[in-house]
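Quick notes on the structure that follows.
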2 protein chains.
Amino acid sequence: MNNELVQYIKTYFGVSNSEDQTKIASFFKLEKLNRGDYFLKGGHVCHKFSFIREGILRVFAYHNGKEVTQWIATPGYFVTDLGSFIFNKEGSWVIQTSTDVELFTIDRSDYVKLIAQVPAWNSLEKLFLVSCFGAMEQRIFQHLSLTAEERYQVFFEANSELFNEVPLHYIASMLGMTPETFSRIRKKRIK
Amino acid sequence: MNNELVQYIKTYFGVSNSEDQTKIASFFKLEKLNRGDYFLKGGHVCHKFSFIREGILRVFAYHNGKEVTQWIATPGYFVTDLGSFIFNKEGSWVIQTSTDVELFTIDRSDYVKLIAQVPAWNSLEKLFLVSCFGAMEQRIFQHLSLTAEERYQVFFEANSELFNEVPLHYIASMLGMTPETFSRIRKKRIK
DNA sequence: GGATTCTCTTGACATTTATCAAGAAATTAT
DNA sequence: ATAATTTCTTGATAAATGTCAAGAGAATCC
């Protein structure tokens, strides 16, 4: 387990110092959730930051009474409501497991300790956030410059496995189209 | 000048320690650009991070030979190609002034010194990035859940001054619609 | 200050995407 | 196993948005 987590930490934060790796890893605890459980309920403060070892979670919010999927979080990546976790304020998102899930989780009080005990942490986390920032810029750019069909294609090429793992209307929503449009694009592309 | 910059630094990073404020401010230098100048040219590495004292810059990229505006940067905010600046790699964006501009600028070598001399910096910058991260999440959510007209309305309510300061087709592009659609929405709303 | 370019609008029309309704297929619950 | 629910597809139609073309007005250049 620790090796796995250490690997995530290396990948995410580029920690090369092995002492830091071990120290950072020691703050995270294995957490299991059942399918359908909430990682974060609407209107609550998010007190956890987790790497996903196994399983899938969906980040969404309501708009006009409908669920709009903002992101689908998969193994090897992290999950949290970042603003809520860092600033200890009410979250913007609902986060729910879509399958049974295994996480490496740190809660806020341990996170505070981690920052105190690993001086490099803030720098590492900053670099990590800059990477995320760039990914979000690209995602916005796609909405400014691509059609629904092109967004489908780009996403499919990078995430084809996911299409067998979650209801497709989650992906449709995350790409900013209705399930019907999504279905018609698929039909066209399979021919 | 310094007071102004110190104010930005307080606003952005929530620095309360006045010694840090002064120290941070001392690394930034006033830079003036003329209208039409490039802050960052396509394919180059971005070696600056700047607060905007006066004027407007546009962040864009090309798609199918057309300029797509990703962001319009205004006074009181910052401008850079973050991933390029931090990781010293080729930028994703072109950044061009839309008016004459006055900036408080730090270049990469001074940025390295700043990090070394102000221990709190990484932590401050991290918090700043988390805020930006949340803003981008919201922007994506708007593309998933709002129509062009609704995006217009939300943006107009928060940024009405901007509509007198830049060509409207920049704003149209940034909101993910054509200038024609933008124009028709305006017509409808003015009545 | 006249020419040129850029900006914005408008109309006609095409295309994309959403909506509504229905049903088949798959999954889940009892 | 059966029923209930969810997921996915399909068709018909409506609405939103894009494209192309033209022109008026404003800003900019020489």
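Numbered from 1 within each chain, the chains take letters A, B, ... in sequence-line order. Just so you know, these numbers use all the heavy atoms, side chains as well, and skip hydrogens, waters and symmetry mates. Quantities reported herein were computed from a predicted structural model and do not represent experimental measurements.
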I need the CZ-C1' distance between Arg35(B) and dT28(D), as an integer number of Å.
8 Å
In whole Å, what is the span from the CZ atom of Phe163(B) to the P atom of dC8(C)?
11 Å
For the pair made of CZ in Phe182(B) and C1' in dC8(C), what is the distance, rounded to whole Å?
11 Å
Nucleotide of dA12(C), dT10(D), dC8(D) approaching Leu168(A) most closely (side-chain heavy atoms):
dC8(D)
Answer with yes or no whether Glu180(A) presents, from its side chain, a donor or acceptor under 3.5 Å of a partner atom in the base of dC20(C).
yes
Could you check whether Lys48(A) makes a cation-pi contact with Phe85(A), meaning its NZ or CZ is under 6.0 Å from the centre of the six-membered ring and within 45° of the ring axis?
no
Measuring to OP1 and OP2 of dT17(D), would you say a side-chain N or O of Thr181(B) lies under 4.0 angstrom away?
no
Gap between atoms CG and P, on Asn34(A) and dT28(C) respectively (whole Å):
14 Å
Should the pair Asp20(A)-Lys23(A) be classified as a salt bridge under the 4.0 Å nitrogen-to-oxygen rule?
no
If only side-chain N and O atoms of Lys188(B) are considered, is one of them under 4.0 Å from the OP1 or OP2 phosphate oxygen of dT9(C)?
no
Of Tyr170(B) and Glu149(A), whose closest DNA chain C nucleotide lies nearer the 5' terminus?
Tyr170(B)
Looking at dT28(C), dC8(C), dT7(D), which one has an atom nearest to any side-chain atom of Pro167(B)?
dC8(C)
For Ser173(A) versus Glu67(A), what's the shortest heavy-atom pair and its separation?
OG-O, 4.0 Å
From the candidates dT17(D), dT10(D), dT9(C), the one with an atom nearest any side-chain atom of Arg184(A) is dT10(D)
Cationic N near anionic O, under 4.0 Å, Asp107(B) to Lys29(B)
no
Separation of dA26(C) P from Glu165(A) CD (nearest whole Å):
19 Å
In this structure, how many angstroms lie between the P atom of dT5(D) and the NE2 atom of His169(A), rounded?
16 Å
Of all the nucleotides listed (dT9(D), dG11(D), dG18(D)), which has the minimum atom distance to the side chain of Thr178(B)?
dG18(D)
Taken to the nearest whole Å, CG/Leu146(A) to C1'/dT17(C) is 15 Å
Let me see the working for Val59(B) and Ile72(B) under side-chain contact (heavy atoms from CB on, under 4.5 Å), right down to the final yes or no.
CA-CA 6 Å; Val59(B) 180; Ile72(B) 298 169; over 6 Å; no
Between atom OH in Tyr152(B) and atom P in dA16(D), what is the gap in whole Å?
17 Å
